[in-house]
Amino acid sequence: MQTPPLADVRHTFAAYPTGLALIAAEVDGHDEAMLANSFTSVSLDPPLVSLAFTHTSTTWPQLRQAQELGITILGEPHAALVPQLRRSGPARLDGIALDRATAQARTLPRAAATLIVRPYRHIPAGDHELVLFEVVDHRRDDDAAPLTYHDRHVGALHHERK
């Protein structure tokens with residue numbers, strides 16, 4: 001069986017809506033952060049989540065040094081920040097104030113949810129590194145509409161409360 005062209009695979013993968021997460025930490029005295037749409041809950045006992053990082057990332061090698069990181073599940077108030085957070089390099093965080101969740105973990109205020117995590121296991125996965133993180137603290141805002149990423153578009157997920 002022949003491998004399909006990467007552009008075709010990307011187009012097919014884009015049919016699946018995902019959330020948007022920002023992973024951030026202070027490393028060597030300055031804040032590092034990057035967006036990811038590969039966030040997945042993995043286990044409740046122990047509480048584990050995962051993110052996948054491409055081998056070509058220049059930010060993940062910096063964040064990988066952190067012992068504790070913050071994961072922000074982006075909410076509707078963050079929609080205007082997404083184009084800037086997608087940028088590469090230090091300009092990504094220009095003018096964006098991150099909360100000091102712990103001495104090292106950073107999060108965004110007004111999030112749908114935040115998690116404080118520690119690296120648990122690193123797994124090679126094709127052109128990515130899959131990282132399992134243990135959740136050591138968390139918070140959810142039931143009133144915040146989470147952002148979604150679907151077919152290369154960002155939107156908010158709204159639903160009726162019962």
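The structure presented is a predicted model; accordingly, all values stated were derived computationally and were not measured.
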Original post:
Who passes ring pair (Phe, Tyr, Trp, His ring centres under 6.0 Å) against Phe53, sequence neighbours left out?
Top reply: Trp60

Taking all non-hydrogen atoms of both residues, which atom of [X] and which atom of [Y] are closest, and how far apart?
{"X": "Gly70", "Y": "Ala105", "value": "N-CB, 3.5 Å"}
{"X": "Ala33", "Y": "Thr59", "value": "O-CG2, 3.6 Å"}
{"X": "Ala21", "Y": "Phe39", "value": "CB-CB, 4.0 Å"}
{"X": "Ala66", "Y": "Pro119", "value": "O-CG, 3.8 Å"}
{"X": "Ala111", "Y": "Asp141", "value": "O-CB, 3.5 Å"}
{"X": "Leu69", "Y": "Leu63", "value": "CD2-O, 3.7 Å"}

**OP:** Scan Leu48, Val49, Leu115 and name whichever one has a side-chain contact (heavy atoms from CB on, under 4.5 Å) with Phe133.
**Re:** Val49

For residues [X] and [Y], determine if any side-chain heavy atom of one lies less than 4.5 Å from a side-chain heavy atom of the other.
{"X": "Asp28", "Y": "Gln65", "result": "yes"}
{"X": "Arg64", "Y": "His122", "result": "yes"}
{"X": "Val131", "Y": "Leu51", "result": "no"}
{"X": "Ile96", "Y": "Leu108", "result": "yes"}
{"X": "Thr114", "Y": "Asp137", "result": "no"}

Hey, could you give me the [atom1]/[atom2] distance between [X] and [Y], rounded to the nearest 0.5 Å?
{"X": "Arg121", "Y": "Ser50", "atom1": "CZ", "atom2": "OG", "answer": "12.5 Å"}
{"X": "Asp31", "Y": "Arg100", "atom1": "CG", "atom2": "CZ", "answer": "8.0 Å"}
{"X": "Glu76", "Y": "Asp143", "atom1": "CD", "atom2": "CG", "answer": "12.0 Å"}

Original post:
Listed by chain and number, what are the side chain to side chain donor-acceptor pair (under 3.5 Å) partners of Thr54, not counting sequence neighbours?
Top reply: Thr56

Verify the cluster assignment for [X] and [Y]: are they in a single hydrophobic cluster under the rule of side-chain heavy atoms below 4.5 Å apart?
{"X": "Leu22", "Y": "Val82", "result": "yes"}
{"X": "Tyr120", "Y": "Leu130", "result": "yes"}
{"X": "Ile71", "Y": "Leu35", "result": "no"}
{"X": "Leu20", "Y": "Leu81", "result": "yes"}

Test your reading of the model: is there a side-chain donor-acceptor pair from [X] to the backbone of [Y], 3.5 Å cut-off?
{"X": "Arg92", "Y": "Leu85", "result": "yes"}
{"X": "His138", "Y": "Val117", "result": "no"}
{"X": "Thr72", "Y": "Leu74", "result": "no"}
{"X": "Arg118", "Y": "Glu68", "result": "no"}
{"X": "His78", "Y": "Pro146", "result": "no"}

